[in-house]
Amino acid sequence: MYIRKDNPMKIKKFEQKYTKDIIDVWYRSTTKGQSFISEEFWQKHKATVQDVYLPQAETWLIVNEEDQCLGFISLLGNFIGGLFVSPEFQGRGIGMNLISHVNQLKGELSVDVYRKNMKAREFYKKCGFNDIKEEIQEETGEVLITMMQSMKNV
């Protein structure tokens with residue numbers, strides 16, 4: 001794990017009390033990183049993320065010393081259903097720490113990323129992911145790229 005011993009951030013397994021924080025991080029980072037999709041689309045999906053996706057997933061989060069969620073990763077088996085970091089904390093190793101943590105638990109991972117989300121694609125490439133296939137997402141009309149991690153590339 002990349003978090004130093006003297007760092008007040010901790011990785012924790014999801015608990016219900018973090019739901020509001022997680023939805024806030026998801027919404028703010030999604031509307032910023034995927035601004036090519038309307039904010040209205042994401043607003044309509046808030047309840048689905050909270051009531052359907054989050055309960056189905058294995059979710060890990062990083063919290064600060066005030067126990068506030070800074071970022072999280074949700075897994076469906078070895079598939080990353082979502083990895084989101086609060087916009088003001090991006091670029092500080094939070095996403096890398098979450099990937100490293102779940103690699104220890106699950107091994108190689110896969111993820112779907114929007115083709116237009118270059119920042120996310122570059123991040124996953126740094127984590128050893130490679131493009132596998134592309135398909136058009138019906139709901140948005142946007143191209144999704146499935147990326148697969150190879151531990152040899154990490």
Side-chain angles (χ1 to χ4, degrees), residues 1-114 116-129 137 139-140 144-149 151 153-154:
M1 193 166 5
Y2 297 106
I3 297 177
R4 296 185 330 261
K5 299 263 187 253
D6 62 338
N7 191 317
M9 292 189 286
K10 294 180 192 164
I11 295 179
K12 298 178 126 182
K13 190 156 178 62
F14 171 75
E15 296 174 40
Q16 198 67 37
K17 70 178 183 175
Y18 295 109
T19 300
K20 186 175 183 272
D21 277 355
I22 283 176
I23 296 304
D24 178 62
V25 169
W26 168 80
Y27 185 75
R28 289 185 305 112
S29 61
T30 296
T31 54
K32 180 182 179 193
Q34 296 163 158
S35 59
F36 47 88
I37 297 173
S38 75
E39 193 167 337
E40 180 183 36
F41 175 85
W42 298 119
Q43 186 68 38
K44 287 180 183 176
H45 281 77
K46 261 187 179 180
T48 304
V49 170
Q50 179 175 316
D51 301 334
V52 179
Y53 296 143
L54 195 55
Q56 291 176 0
E58 175 184 347
T59 299
W60 294 89
L61 54 149
I62 290 189
V63 298
N64 63 12
E65 55 197 351
E66 288 88 35
D67 205 35
Q68 175 189 17
C69 175
L70 306 179
F72 70 95
I73 188 167
S74 292
L75 303 166
L76 300 166
N78 287 47
F79 179 77
I80 300 171
L83 169 59
F84 300 96
V85 176
S86 187
E88 61 272 21
F89 291 98
Q90 291 177 2
R92 298 185 189 186
I94 291 171
M96 289 282 202
N97 276 289
L98 288 166
I99 292 283
S100 177
H101 180 74
V102 297
N103 277 146
Q104 292 172 19
L105 300 173
K106 303 287 184 178
E108 294 178 340
L109 305 166
S110 64
V111 65
D112 287 342
V113 181
Y114 289 106
K116 291 180 182 175
N117 191 342
M118 295 305 296
K119 188 174 178 182
R121 290 175 59 199
E122 289 170 18
F123 167 79
Y124 285 112
K125 285 194 184 289
K126 286 181 188 174
C127 294
F129 288 75
Q137 184 182 47
E139 294 174 300
T140 62
L144 278 176
I145 299 173
T146 298
M147 301 179 79
M148 180 75 80
Q149 186 182 43
M151 296 308 279
N153 296 339
V154 178

Completion exercise
In short, salt bridge (charged side-chain N to carboxylate O under 4.0 Å, His left out) pairs touching residues 95-105 with sequence neighbours left out are none

Exercise for the section: Under the side-chain hydrogen bond (donor to acceptor under 3.5 Å, both in side chains) rule, collect the residues that match up with Ser110, sequence neighbours excluded. Expected result: none

Handout entry: Sidechain-backbone polar pair: Ser100 side chain, Met96 backbone, donor-acceptor under 3.5 Å
Key = no

Practice task
Would you indicate whether the side-chain heavy atoms of Leu83 and Leu98 approach each other to under 4.5 Å?
Solution key: yes

Handout entry: side chain to side chain contact (heavy atoms under 4.5 Å, CB included) involving Val85 - partner list, sequence neighbours excluded
Key = Phe89, Gln90, Ile94

Exercise for the section: Kindly write out the residues that satisfy side-chain hydrogen bond (donor to acceptor under 3.5 Å, both in side chains) with Glu58, not counting sequence neighbours, or none if the list is empty. Expected result: Trp60, Lys106

Problem - Counterpart residues, side-chain hydrogen bond (donor to acceptor under 3.5 Å, both in side chains), relative to Thr19 (two or more places apart) - result: Gln16

Practice task
Start with the C-alpha gap between Phe123 and Val113, add the side-chain angles, then the distance that decides, and say whether side-chain contact (heavy atoms from CB on, under 4.5 Å) holds.
Solution key: CA-CA 11 Å; Phe123 167 79; Val113 181; over 6 Å; no

Fill in the blank from the handout: The salt bridge (Lys or Arg N to Asp or Glu O under 4.0 Å) partners of Lys116 (sequence neighbours excluded) come to Glu142

Handout entry: Any donor-acceptor pair under 3.5 Å from Gln149 side chain to Cys127 backbone
Key = yes

Problem - Pairs involving residues 96-105, ordered by first then second residue, that meet salt bridge (charged side-chain N to carboxylate O under 4.0 Å, His left out) (sequence neighbours left out) - result: none

Under 3.5 Å donor-acceptor pairs involving side-chain atoms of residues 45-55, not counting sequence neighbours:
from	atom 1	to	atom 2	distance (Å)
His45	ND1	Phe41	O	2.8
His45	NE2	Glu139	OE2	3.3

Exercise for the section: Please round to the nearest 0.5 Å and tell me the distance separating atom NZ of Lys44 and atom OG of Ser38. Expected result: 7.5 Å

Problem - Interatomic spacing from CZ in Arg92 to CD1 in Ile62 - rounded to 0.5 Å - result: 12.5 Å

Practice task
Give every residue pair that meets the side chain to side chain donor-acceptor pair (under 3.5 Å) criterion with at least one member in residues 71-89, sequence neighbours excluded.
Solution key: Arg28-Ser86, Arg28-Glu88, Thr59-Ser74, Ser86-Glu88

Exercise for the section: With sequence neighbours excluded, tell me which residues meet side-chain hydrogen bond (donor to acceptor under 3.5 Å, both in side chains) with Glu15. Expected result: none

Practice task
For residues Ile80 and Leu75, determine if any side-chain heavy atom of one lies less than 4.5 Å from a side-chain heavy atom of the other.
Solution key: yes

Problem - Distance (rounded to the nearest 0.5 Å) between Thr30 OG1 and Asn117 CG - result: 9.5 Å

Practice task
Write down the atom of Leu70, the atom of Met9, and the distance for their closest heavy-atom approach.
Solution key: CD1-SD, 3.4 Å

Handout entry: Heavy-atom pair with the smallest gap, counting every atom of Gln68 and Asp21
Key = CA-OD2, 3.7 Å

Fill in the blank from the handout: In this structure, CD1 of Ile23 is separated from OH of Tyr18 (nearest 0.5 Å) by 15.5 Å

Practice task
Not counting sequence neighbours, list each pair that qualifies as a salt bridge (charged side-chain N to carboxylate O under 4.0 Å, His left out) and has a residue in residues 59-77.
Solution key: Lys12-Asp67, Lys17-Asp67

Exercise for the section: Could you tell me the separation between the CZ atom of Phe84 and the SG atom of Cys69, rounded to the nearest 0.5 Å? Expected result: 11.5 Å

Problem - Tyr114: ring-ring contact (aromatic ring centres under 6.0 Å, His included) partners, not counting sequence neighbours - result: Phe36

